[in-house]
There are 2 protein chains.
Amino acid sequence: MGIRAQQKERTRRALLDAAFNQLSAERSISNLSLREVAREAGIAPTSFYRHFKDMEELGLTMVDEGGLTLRQLMRKGRQRAEEGGSVIRASIETFMEFIDSNPNVFRLLLRERSGTSAAFRGAVNREVRHFIDELDHYLQAKANRRPDLAYAQAEALVVLVFSSGAEALDLNKKERKALAERLIIQLRMIAKGSDSLQRSGYE
Amino acid sequence: MGIRAQQKERTRRALLDAAFNQLSAERSISNLSLREVAREAGIAPTSFYRHFKDMEELGLTMVDEGGLTLRQLMRKGRQRAEEGGSVIRASIETFMEFIDSNPNVFRLLLRERSGTSAAFRGAVNREVRHFIDELDHYLQAKANRRPDLAYAQAEALVVLVFSSGAEALDLNKKERKALAERLIIQLRMIAKGSDSLQRSGYE
DNA sequence: CAAAATAGCGAACAGATGTAAGCTGAAAGA
DNA sequence: TCTTTCAGCTTACATCTGTTCGCTATTTTG
């Protein structure tokens, strides 16, 4: 890669990093300002356009990167789980670790899922769908779940875990503990219920 | 009430109505502008301050009103249900009707639940908690559910229904139908699973 | 080595935003 | 009836926003 393209990539990264860095509990993508992001990245506002057409384009890139981060992490978590122990429990733990160490990335996904940009909503939902599909496959393969039940179950699991994650963001450690225990009960309910529905469906 | 206070209430209402009216799929509370709201309400921007200290105060009022609307509707739905038929099914139908006829109010609650204002998040979560508590009571009283299971079950129900509502917003009628059927399966899973956990817990 | 391409810059503009200060006319209170 | 109160107005200001234009310096290309 030429010295020029290299430098270009560097400041593109700087822009993305600056944008991620400005996310917080009280700051979402939609109220990032082009000028502020450029300032933190150390370039003139007008140079922004050399890298992204729009703040929307920057935002989409952020959603994609955030989703990727999460997916990679979960993949690792699943590998770790398959070396012994409950897959579901391991997945939850991995997910909660993600929220704990990347709260702003999680907030990003959470918010844009119901945000004002259809493109963002679509992008986040595609990420969520990935999870559901992976779990769906797992349930069909390893638990011999009927396809319709497997999908419904997978979706319910993901929705509950996601929602708990969101709630955890505003809680202290002790409250999180209670939340996590409740979540496990809920996931067990779904597992048992799915079992039961599958059996009654075959009679 | 004096003719003066009456008029004041009228324009306060006009402000709130204008604000609600400007909500849409691509417009949330946080990107309403004081000036635009005032314009639509037919008053000068500076007169806004005679009614609300802030846009934040306006927003909190909107969240409260939105929550109230939803709660009243669900109360009616429950009454209708108790005259025969499944309570859960009736609740879902009522909820879906709410989303269908007040999509912007639902969007409001949905978004601010994960929004950038801690005050808003708190307000919405209180509303959601109301639901959970009501369902919790119902499950303990009518289904003899153990308290810890009842709460977990109630929460899971509400989370799934809420999440389905959110997803429904971007779907057409046919897709919504499939969504609703999946939701019912999921709620049945939870009901059965809760049953099963309760029984196994008493052995 | 000459010519073309381009990342980054500064200056500048038009528009929007929230909000402060002070006035006015009509209602409320004495 | 006279005085006080106050919802709403106009004017004005400072600040921030995104974006256009033209320039420069450096790398890339032919």
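Protein chains get the first letters and strands the later ones, always in sequence-line order, with residue 1 at the start of each.
The shortest non-hydrogen separation linking B/Glu112 to B/Ser30 is OE2-N, 4.5 Å. Across all their heavy atoms, A/Val124 and A/Leu109 have their closest contact at CG1-O, 3.5 Å.
Side-chain N/O atoms of B/Gln7 include none lying less than 4.0 angstrom from OP1 or OP2 on C/dA26. At the phosphate of C/dT17, OP1 or OP2 sits under 4.0 Å from a side-chain N or O atom of B/Ser33. For B/Thr46 and C/dT19, the shortest distance from a side-chain N or O to OP1 or OP2 is not below 4.0 Å.
Between A/Ser47 and B/Met1, the residue whose closest nucleotide on DNA chain C is further toward the 5' end is A/Ser47. Mapping B/Gly42 and A/Leu32 onto DNA chain D by nearest heavy atom places B/Gly42 at the nucleotide closer to the 5' end. Projected onto DNA chain C by closest heavy-atom contact, B/Lys53 and B/Ile3 fall at different nucleotides, the more 5' of which corresponds to B/Lys53.
Classification of B/Asp195 and B/Arg145 as a salt-bridged pair holds, one side-chain N sitting under 4.0 Å from a carboxylate O. The residues A/Arg13 and A/Asp17 are annotated as salt-bridged, a charged nitrogen and a carboxylate oxygen being separated by less than 4.0 angstrom. Ion pair A/Arg176/A/Asp100 flagged as a salt bridge, since at least one NZ, NE, NH1 or NH2 atom sits closer than 4.0 Å to an Asp/Glu carboxylate oxygen. At a threshold of 4.0 Å, the pair B/Glu83-B/Arg78 does not count as salt-bridged, since none of the basic side-chain nitrogens sits closer than that to a carboxylate oxygen. In summary, B/Glu134 and B/Arg71 do not engage in a salt bridge, as defined by a charged side-chain N under 4.0 Å from a carboxylate O.
Comparing C/dG18, C/dC9, C/dG8 against the side chain of A/His51 picks out C/dG8 as the nearest.
Separating the CZ atom of B/Arg4 from the P atom of C/dG29 is a distance of 10 Å, rounded to the nearest angstrom. For the pair A/Arg35 CZ and C/dA14 P, the interatomic distance rounds to 15 Å; values are reported in whole Å. B/Arg39 has its CZ atom 14 Å from the P atom of C/dG15, to the nearest Å. Rounded to a whole Å, the CG atom of A/Leu34 is 13 Å from the P atom of C/dC9. One can place CZ of B/Phe48 at 16 Å from C1' of C/dA20, the figure rounded to the nearest angstrom.
The aromatic ring centroids of B/Phe95 and B/Phe162 lie less than 6.0 Å from each other.
If you check residues 9-21 of chain A against DNA chain D, you find no residue with a heavy atom closer than 4.0 Å.
Among the atoms of the strands shown, base atoms are found under 4.0 Å from some heavy atom of A/Tyr49. Contact annotation for B/Gln6: no contact, since no heavy-atom pair falls under 4.0 Å across all strands.
Contact footprint of chain A on DNA chain D: nucleotides with an atom under 4.0 Å from a non-hydrogen protein atom, first to last in 5' to 3' order, D/dT17 to D/dT28.
Ring-plane geometry between A/Phe98 and A/Phe106 is classed as perpendicular, the angle between the planes exceeding 60 degrees on a 0 to 90 degree scale with a lower cut at 30.
Side-chain contact between A/Ser196 and A/Lys192 is absent, with no heavy-atom pair separated by less than 4.5 Å.
Taking only distance into account, the side chain of A/Arg50 never meets the base of C/dT6 through a donor-acceptor pair shorter than 3.5 Å.
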